[in-house]
Asker: 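First, the structure itself, so that you have it in front of you.
Counting starts at 1 for both ligands and their atoms, in listed order. This chain uses plain numbering: 1 for the first residue, then up along the sequence. Bear in mind the structure is a predicted one, so any value in this text is a computation, not a measurement.
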Amino acid sequence: MPDAESRRFTVTEDAPAKINLALHVTGQRDDGYHLLDMLVTFTAHGDRLSFTSADRDGFTLGGRFAADLGGEPGSNLVLRARDLLRQAVLAQGGHAPAVTIRLEKNLPIASGIGGGSADAAAALRGLQRFWNVRVPADQLAALALQLGADVPMCLESRPLIARGIGEEIERVALPRLFLVLANPLKAVSTPAIFRLLTEKNNPPLDLSGDWMQAIAANRNDLEPLARSLTPEIGKIAGLLADCGAALVRMSGSGATCFGIFPSLAAAEAAEQQLHRLRPDWYFQATETAAGE
Ligand code: C5P
């Protein structure tokens, strides 16, 4: 008879970083949420979750930024995702047995690249595989939205345009991009940025021309405010430009900026150069998934 340890099995799921190539604020709903028009892609680099069979539920953390995850461990969005999915699985007569979840936190916290939302979405994807269940797509999308406005996009984790508060999703055929992600390791509060935003009725995305022209022609409407509140954003964006990025922009509510490079090798060379300039900041060369 195999003992309990040898019967354990593990499923892993990547949680790619979400990059807002452009983010336009086009209005505000009566409940305070902002209407957005976003061109979004996802990177190979990200957090990683693993799910291991267990006698009772557990949650462990690892990775460079694990120590920065504040708050009660029980309040982590991953565990809220687990609980919501389990409820849905049990309601449809399925099994959702005990699981130990390990979160490898490679992405900086509160940094505009979706970390917590990506982790929650990866939990929804990974736990379906782990439990060998399928929740209908519309129900899954509703669960995701309940967890956060960015979670439905992160569930897709492929190039897309998102509208509404992030839940109206259209896949797009963006090419693979080579990026350096750069963050001065200053946390930025998304609610605080939205609260301080005064201009909420900006023009929607204009996606004429080729993709690089389209990205360049658009904006992140949260960037000017984030730059004024966190001056390091302007500094780090300047460093990316100095290292040869063809285009530099902030993602989400910041502070992460991305630079677009012509190749992965060029992005990796820039990452090395940036590490030497500011060893205390976060720089990561990566590539995005191409759209279909
Ligand atoms: O949905 P989520 O919890 O990720 O959003 C965090 C906060 O960001 C919200 O409480 C809200 O203040 C702000 N937000 C917004 N409009 C959006 C998305 C987020 O105002 N479309």
Asker: With a 4.5 Å cut-off on side-chain heavy atoms, are L36 and H24 touching?
Answerer: no
Asker: Is S53 reaching over with its side chain to a backbone N or O of F9, donor-acceptor style, under 3.5 angstrom?
Answerer: yes
Asker: Indicate, with yes or no, if the rings of Y282 and F65 have centres closer together than 6.0 Å.
Answerer: yes
Asker: Would a hydrophobic clustering, with Ile, Leu, Val, Met, Phe, Trp and Tyr connected at side-chain separations under 4.5 Å, put L247 with V172?
Answerer: yes
Asker: Give me the ring orientation class for F130 and F51: parallel if the planes are under 30° apart, tilted from 30 to 60°, perpendicular past 60°.
Answerer: tilted
Asker: So which protein residues pack against ligand 1 under 4.0 Å, heavy atoms counted?
Answerer: G32, Y33, H34, L36, G148, A149, I165, T190, P191, F194
Asker: In this structure, would M38 and V188 fall into the same cluster of hydrophobic residues linked by side-chain contacts under 4.5 Å?
Answerer: yes
